[in-house]
Amino acid sequence: VSASQLAALAALGDLAFREPLLITGDRTIVDGYARWKLAQLTNRPLLLCMEYQLDETEALQLLLRTHRRLNGFIAFNRIGLALDLKPFFQDMARSNQRVHRQSDGSSNLTRVDVRTQIAIEAGVSTGNVTKFEQVIKTAHPKVQQAARAGEISLHKAWKWRNLSPGGQLSELHLDQAKKGTKGTIR
């Protein structure tokens with residue numbers, strides 16, 4: 001949780017704690033983590049919570065949908081989380097194929113496109129899911145870290161992925177220097 005987000009919540013006083021935290025049966029916070037963090041920092045002993053009976057997959061889906069467009073929860077990180085749902089969607093696709101085969105004996109299967117489902121959950125295009133997977137496989141760890149932190153875009157990290165490790169780092173340092181210069185000028 002950023003300091004500015006905590007400061008904004010703290011400025012609300014008790015109003016910040018009016019809405020319940022959304023949690024799962026195993027006490028995983030789906031919505032309200034910043035309020036929970038503020039409660040810890042201010043030694044607030046009790047918080048209003050609403051418990052949902054969700055399994056891990058359902059909790060992750062709700063988390064992604066709830067925070068899809070929040071500042072700080074960038075596409076790179078949403079895709080990384082949504083990829084945890086890949087086994088769930090693959091099972092769903094296999095199940096769908098079995099049911100379709102049994103119903104008409106045809107080899108034309110009703111498909112559940114796993115990549116599309118992941119993109120929908122993350123609130124991005126399927127192309128960005130592909131870019132993410134390629135960046136994770138081939139980009140320098142520092143480039144991945146910069147993309148994860150929102151310092152560079154997923155697209156920029158993807159464009160640099162085929163450069164040599166030294167070339168990727170050079171591009172990253174050049175990009176950071178440009179941003180630093182622009183910030184200084186402002």
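Since we're looking at a predicted model, the values are computed, not measured.
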Side chains of [X] and [Y]: closer than 4.5 Å at any heavy-atom pair?
{"X": "Thr130", "Y": "Trp158", "result": "no"}
{"X": "Lys159", "Y": "Glu171", "result": "no"}
{"X": "Phe132", "Y": "Leu83", "result": "yes"}
{"X": "Leu64", "Y": "Leu85", "result": "yes"}
{"X": "Asp91", "Y": "Arg94", "result": "yes"}
{"X": "His173", "Y": "Leu169", "result": "yes"}
{"X": "Leu47", "Y": "Phe17", "result": "yes"}

Treating Ile, Leu, Val, Met, Phe, Trp and Tyr as nodes and any side-chain heavy-atom pair under 4.5 angstrom as an edge, say whether [X] and [Y] lie in one connected cluster.
{"X": "Leu15", "Y": "Leu41", "value": "yes"}
{"X": "Ile74", "Y": "Ile118", "value": "yes"}
{"X": "Trp160", "Y": "Ile136", "value": "no"}
{"X": "Leu63", "Y": "Phe76", "value": "yes"}
{"X": "Leu48", "Y": "Tyr33", "value": "no"}

Report yes or no: does [X] contribute a side-chain atom to a donor-acceptor pair with the main-chain N or O of [Y] at less than 3.5 Å?
{"X": "Ser170", "Y": "Gly166", "answer": "yes"}
{"X": "Arg78", "Y": "Val124", "answer": "no"}
{"X": "Glu58", "Y": "Asp55", "answer": "yes"}
{"X": "Gln144", "Y": "Ala139", "answer": "yes"}
{"X": "Lys142", "Y": "Leu172", "answer": "no"}
{"X": "Gln117", "Y": "Phe89", "answer": "no"}

For [X] versus [Y], what's the shortest heavy-atom pair and its separation?
{"X": "Leu9", "Y": "Ala34", "result": "CD1-CB, 3.5 Å"}
{"X": "Thr116", "Y": "Asp113", "result": "OG1-OD2, 2.7 Å"}
{"X": "Val114", "Y": "Ala93", "result": "CG2-CB, 4.4 Å"}

Indicate yes or no: does [X] engage [Y] in a salt bridge with an N to O separation below 4.0 Å.
{"X": "Arg27", "Y": "Glu51", "result": "yes"}
{"X": "Lys178", "Y": "Asp175", "result": "no"}
{"X": "Asp14", "Y": "Arg18", "result": "no"}

Point-to-point distance, once rounded to the nearest 0.5 Å, from [atom1] of [X] to [atom2] of [Y]:
{"X": "Ile79", "Y": "Leu154", "atom1": "CD1", "atom2": "CG", "result": "5.5 Å"}
{"X": "Ile29", "Y": "Trp36", "atom1": "CD1", "atom2": "CH2", "result": "5.5 Å"}
{"X": "Leu54", "Y": "Asp26", "atom1": "CG", "atom2": "CG", "result": "9.5 Å"}
{"X": "Lys179", "Y": "Ile152", "atom1": "NZ", "atom2": "CD1", "result": "7.5 Å"}
{"X": "Lys86", "Y": "Glu121", "atom1": "NZ", "atom2": "CD", "result": "15.0 Å"}
{"X": "Asp31", "Y": "Leu21", "atom1": "CG", "atom2": "CG", "result": "7.5 Å"}

Gln134, CD atom: more than 12 neighbouring heavy atoms under 6.0 Å: yes
Gln90, CD: over 12 other non-hydrogen atoms inside 6.0 angstrom: yes
